[in-house]
Structures are given as structure tokens and as C-alpha cells.
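Remember, it's a predicted structure, so these values are computed and weren't measured experimentally.
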Amino acid sequence: MNLSIVFMGSPEFAAVTLRRLAERYAVRGVVTQPDRPSGRGRTLTPPAVKLTADQLGIETIQPERLKEPEAQAALQRWSPDLIVVAAFGQILRKSVLTLPRYGCLNVHASLLPRWRGAAPIQAAILAGDAFSGVTLMQMDPGIDTGPTLAQESLPIHPSDTALTLSARLADLGAELLLRSLPAYLNGELLSVPQEDAASTYAPMLQKEEGALDFNQPADALERRVRAFDPWPGAYFAWQGSPLKVLRAQVTEATPPQSLAIGAHWIYQGQPAIQCGVGSLLLTEVQPAGKKAMPGKAFLAGARSWAQTPAQTPGADQP
């Protein structure tokens, strides 16, 4: 079938789908987000999809909004038969949804209707879900509310971070799309309306959400550390600066003395913090202005750790 496809997406999750899609189909054009400041130097950095499209030699536009005249003109010029979307970050208006004869398909990183929205991978880890997955759906004007076409699930490992889970889901999503497209294009794939009453929502993450509140149970904080790796990162105030927590474990061990929530102590040579329930072991941290280091190495230079009073979580931000 001589099919013209336009792809819309931004992060590495979407770039995986673009690479696999371009191996089998003609991708006429790519729409992705504008370059954004990144890193300590705040250098303008293109999204992963832009880099992938450049490697593949596919024409790319980067509008702030799809309603911009230049974006609309490009879409009309590309005249797509199908639009494929994955983690694009913009809502498609009716004029775009109705443009291709085969409609718009979305590869979404959750088992819809659970975790509609911008941060489904992080939400699944935060909630302690046993499984995540990908859903191929027909897009409508809502946010991930269209009928589903196919789903695949996979278990969330106890060690999964947003980064590692996203990588596995990206591969799964690309496979699901390519396996489902022939049947969809032939009109053989049944669409199923979502059960709205069972839906949950995963809004876009904000930087301040990385602040650790030690009133929460240690297991919830350990999931937060994994869910927010690599962004926005988990942290708390230490000696007037943010201390990033890169890896953590839960311990039910009892401190040597009664401690207030948020108090520091040492367990088996590693820094620990008393939480609302249990304690959090900081197995890898990154002090402000320094490189990441094991918790034991951090303690070697933080001899006052166990004597430091508890600090208000979120008082500082990285």
C-alpha cells in the first residue's frame, strides 16, 4: 500500500516508534516540539524525535502550537493518509484529526483508561502498579479518551525507574503499532470504547514534585525516587542545599533511639531518614555541585549526618 504518514512525537519513547515505523512505511513529515534549554548551561537541545528524523532524512517542523499557519501549511502539503502520534505533548484539534483518511493513531504508554495524560509511566510507578503497558488508540478531541484498538502489558520490576520502564514500553509500543497497522488499514481491527468510569489521570509533572515529604511512608518515597528518575529528580534540603536522591531502599529496621519524622540516622553504614512509616536508606545521592556517589561515600564527608536536625522537605529546589 502506497501510504503517506506524518509522525508526531518528542522524547526518546516516541523516537523508538519513529525509527521502527520508517523501516516499513513512508513517513512524509515529522512534527515535534521546539528545541528547549537543557543541562546546567541551559543549552538549546533538540528533542530526540528531531535528531532521529534528521538521521532518517525526514522533513521536520517544530511549532509551538499546531494551529500556527506554518504548521497547518506543512500538514496540508504533506497530505497524510495517516497520522501517528506518540508522546507529542500537544492536543490535536478537529481540523488535524479529520485531515487524514485513516485518522490519527496514538501509541500511549499505559493500559487505558488507566493513566490518561502526560505522565503515565511515572504515575504507574508512583501508584505501585504491578503492571504497565501500551495502548494503540484512535484519537478524538479529548485527552487519551478515544477508542482503543490494541493493548500489550508488561510487569513493572521493583527496580524500574521511569527511564528503564519507558525504554521497555517504547519497544513494546513500536512492536504493537507495526503488528496492528495492517489489520487497521484493512478495516479488520475492532475499536473498543473506553470505560470512562474506570479512568485515572496522570498530569504533567512539575519540578517541585521531586521534594521528598518524610511524613509519607518510606515505600511511597522509594517509588517517588524511581518514578522521578531522570526528571524532575527526588531531593530534600541538606545543609541549606538540595541533596538529590538517586537510589533508595526501604528498611523496617528500628532506629537505635526514638526519632522524629525526618530525623537522620545511620543503618549498616548508610544514611537513613525516619519516615512516617519505616525508614528510607539513601544508597546513592548527589550533593549540590558534586558528582553522584554511594550513600556510604557521602557519609564519609557528612560526619554530622546523624546529629543534623530534620529539615523541612522542599525548602530548596535543585
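- Salt-bridge formation is detected for the pair Asp160/Arg168: a Lys NZ or Arg NE/NH1/NH2 atom is positioned less than 4.0 Å from an Asp or Glu carboxylate oxygen.
- When atom types are taken as modelled, the side chain of Arg226 and the backbone of Pro158 share a donor-acceptor pair closer than 3.5 angstrom.
- Counting only distance, with no hydrogens or angles, the side chain of Asp144 and the backbone of Gly117 share a donor-acceptor pair below 3.5 Å.
- A donor-acceptor distance shorter than 3.5 angstrom exists from the side chain of Gln286 to the backbone of Lys290, with no hydrogens or angles considered.
- Met8 CE to Leu66 CG: the interatomic distance, rounded to the nearest 0.5 Å, is 5.0 Å.
- Ring pair Trp305/Trp238 is tilted by interplanar angle, where 30° to 60° counts as tilted.
- Here the shortest heavy-atom pairing between Ala22 and Ile58 reads CB-CD1, 4.5 Å.
- Salt bridge Arg114/Glu195: absent, no basic N to carboxylate O contact under 4.0 Å.
- Using a cutoff of 4.0 Å between basic side-chain nitrogens and carboxylate oxygens, Glu59 and Lys50 are not scored as salt-bridged.
- To the nearest 0.5 Å, atom CG of residue Asn106 and atom NE2 of residue His108 are 7.0 Å apart.
- Taking the side chain to side chain contact (heavy atoms under 4.5 Å, CB included) definition, one finds that Lys296 meets it with Gln270, sequence neighbours left out.
- Panel note: side chain Gln76, backbone Ala73; no donor-acceptor pair is recorded below 3.5 Å.
- Linking Ile, Leu, Val, Met, Phe, Trp and Tyr whenever their side-chain heavy atoms come within less than 4.5 Å leaves Val16 and Tyr25 in two separate clusters.
- The backbone N or O of Leu112 sits less than 3.5 Å from a side-chain atom of Thr135, completing a donor-acceptor pair.
- No side-chain donor-acceptor contact under 3.5 Å links Gln122 to the backbone of Phe228.
- Looking at Asp81, its side chain does come within 3.5 Å of a backbone N or O of Ser4 through a donor-acceptor pair.
- The shortest heavy-atom contact between Ala248 and Thr283 is N-OG1, 3.5 Å.
- The minimum heavy-atom distance between Phe88 and Gln33, with the atom names listed, is O-NE2, 3.1 Å.
- Qualifying salt bridge (charged side-chain N to carboxylate O under 4.0 Å, His left out) partners for Glu152, counting only residues two or more places apart in sequence or in other chains: Arg179.
- We find that Asp140 and Lys94 are not joined by a salt bridge, their nearest charged nitrogen and carboxylate oxygen being 4.0 Å or further apart.
- Without hydrogens or angle criteria, Thr45 side chain to Thr43 main chain gives a donor-acceptor distance under 3.5 Å.
- With values rounded to the nearest 0.5 angstrom, Arg101 atom CZ is found 8.5 Å from Leu185 atom CG.
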Next item on the list: Evaluate the side-chain contact (heavy atoms from CB on, under 4.5 Å) criterion for residues Trp115 and Tyr201: first the C-alpha distance (whole Å), next the side-chain angles of each, then the deciding distance (0.1 Å), finally the verdict.
Entry: CA-CA 5 Å; Trp115 303 130; Tyr201 186 63; 6.0 Å; no
Check: Yes or no on salt bridge (charged side-chain N to carboxylate O under 4.0 Å, His left out) for Asp196 and Arg116, after CA distance, side-chain angles and deciding distance?
Finding: CA-CA 10 Å; Asp196 290 338; Arg116 297 171 175 172; 2.7 Å; yes
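- Using modelled atom types, no side-chain atom of Tyr102 and backbone atom of Leu3 make a donor-acceptor pair closer than 3.5 Å.
- Between the CD1 atom of Ile273 and the CD1 atom of Ile261 there is a distance of 12.5 Å, given to the nearest 0.5 Å.
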Next item on the list: In sequence, state the C-alpha distance, the side-chain angles, and the governing distance for Leu181 and Leu136, and then conclude on side-chain contact (heavy atoms from CB on, under 4.5 Å).
Entry: CA-CA 10 Å; Leu181 264 183; Leu136 181 64; over 6 Å; no
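- Residue Arg36 places its CZ atom among more than 12 non-hydrogen atoms of other residues, nucleotides or ligands, all under 6.0 Å distant.
- Annotation for Arg303: atom CZ does not count as buried by contact number, only 12 or fewer foreign heavy atoms lying within 6.0 Å.
- Remark: the backbone N or O of Leu126 is paired with a side-chain donor or acceptor of Arg223 at under 3.5 angstrom.
- Here Ile125 contributes atom CD1 and Ser132 contributes atom OG; the two are 8.0 Å apart, rounded to the nearest 0.5 Å.
- Under the side chain to side chain contact (heavy atoms under 4.5 Å, CB included) test applied with Thr32, the options Ser10, Pro63, Pro46 reduce to a single match, Ser10.
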